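The next block holds one structure in the form of structure tokens; read it before the comments.
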Amino acid sequence: MHKTAPARLKGPRLFPLLTLQLCMALAMTVAALVLATPEAALSVLLGGAVAWLPNVFFAWQTFRHRGASQARNIVKSFYRAEAGKFGLTAALFTLVFVAVPPSNPAFFFGAYVVTQLAHWLGPWLLRRPSRT
């Protein structure tokens, strides 16, 4: 009888989505720098960062466990990650508005919303090719 190795499960491909969000935030920052003022570009950068950093935390916290034997840990990590993401988002908004008030709130919130909307592209970015 030969020894079998445990199955190696592939985790979700979140790196392309997080990279897309980061690239969108940076592209908007460069566009604001070219088309507007450096203060507006800072507002865009901060808005993108407030949207992106909690998503990175969520992805890191959620997908640490894999496999059926880890089902309980997976569920716990989802709740913990969502609570942490919410708390981190609130803390980042507070930090930005207290420490570095955005010179242009429209640019700040616009960048936040556009960075968050990148999740709409998730089904196309994270889809695995069919094996049939």
Side-chain angles (χ1 to χ4, degrees):
M1 190 186 285
H2 62 283
K3 196 174 193 179
T4 60
R8 298 206 60 131
L9 300 174
K10 291 183 178 179
R13 296 183 317 146
L14 296 173
F15 186 73
L17 181 59
L18 294 172
T19 303
L20 173 70
Q21 285 184 313
L22 180 62
C23 289
M24 287 178 74
L26 293 176
M28 288 185 294
T29 301
V30 170
L33 188 60
V34 171
L35 300 173
T37 64
E39 292 81 16
L42 179 62
S43 293
V44 169
L45 181 64
L46 291 173
V50 168
W52 185 70
L53 289 173
N55 288 329
V56 171
F57 173 80
F58 181 85
W60 169 70
Q61 196 70 11
T62 302
F63 298 106
R64 293 186 307 168
H65 306 287
R66 293 188 196 140
S69 65
Q70 296 290 320
R72 181 167 292 172
N73 290 334
I74 292 169
V75 171
K76 284 180 185 178
S77 68
F78 265 100
Y79 286 116
R80 196 175 309 123
E82 188 58 38
K85 180 181 173 182
F86 181 76
L88 185 58
T89 302
L92 287 173
F93 267 111
T94 303
L95 180 68
V96 165
F97 282 107
V98 168
V100 187
S103 64
N104 193 332
F107 278 79
F108 175 80
F109 285 111
Y112 177 83
V113 168
V114 169
T115 304
Q116 285 289 29
L117 291 180
H119 278 288
W120 285 6
L121 301 175
W124 293 285
L125 289 174
L126 301 179
R127 184 176 27 177
R128 289 198 168 109
S130 174
R131 294 200 171 124
T132 58

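Predicted model, so just to flag it, every value in this text is computed and none were measured.
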Checklist outcome for this item: Between Gly48 and Ala111, the two heavy atoms sitting closest are N-CB, 3.9 Å
Next on the checklist: With rounding to the nearest 0.5 angstrom, report the CZ to CG distance, Phe58 to Leu53.
Outcome noted: 15.5 Å
Item to check | Pairwise side-chain contact, Val30 with Leu26, heavy-atom cut-off 4.5 Å (strictly under) | outcome: no
Item to check | ILVMFWY network linking Val96 to Leu22, side-chain heavy atoms under 4.5 angstrom | outcome: yes
Checklist entry - What heavy-atom pair brings Ala118 and Leu17 nearest, and what distance separates the two atoms? => result O-CD1, 3.5 Å
Item to check | Spatial distance of atom OG1 (Thr62) from atom CZ (Phe57) [nearest 0.5 Å] | outcome: 8.0 Å
Checklist entry - Which atoms form the tightest heavy-atom contact between Ala41 and Ala32, and what is the distance? => result CA-CB, 3.7 Å
Next on the checklist: Quick check for you: to the nearest 0.5 Å, what is the distance between Leu88 atom CG and Leu92 atom CG?
Outcome noted: 4.5 Å
Checklist entry - Do Gln116 and Gln21 touch side chain to side chain, with heavy atoms closer than 4.5 Å? => result yes
Checklist outcome for this item: On a heavy-atom basis, the closest approach of Pro54 and Ala49 is CD-O, 4.0 Å
Next on the checklist: How long is the straight-line distance from CZ of Phe97 back to CG of Leu46, given to the nearest 0.5 Å?
Outcome noted: 9.5 Å
Checklist entry - Is there a path from Trp52 to Phe86 through hydrophobic residues (I, L, V, M, F, W, Y) whose side chains come within less than 4.5 Å of each other? => result no
Checklist entry - Once you round to the nearest 0.5 Å, how far does CD of Glu82 lie from OG of Ser77? => result 11.5 Å
Checklist entry - In terms of the angle between their ring planes, are Phe109 and Phe93 parallel, tilted or perpendicular, with boundaries placed at 30° and 60°? => result parallel
Checklist entry - Any side-chain heavy atom of Met24 within less than 4.5 Å of one from Leu117? => result no
Checklist entry - Hey, does Leu42 have a side-chain heavy atom less than 4.5 Å from the side chain of Thr29? => result no
Checklist entry - To the nearest 0.5 Å, how far apart are CG in Leu18 and CZ in Phe15? => result 8.0 Å
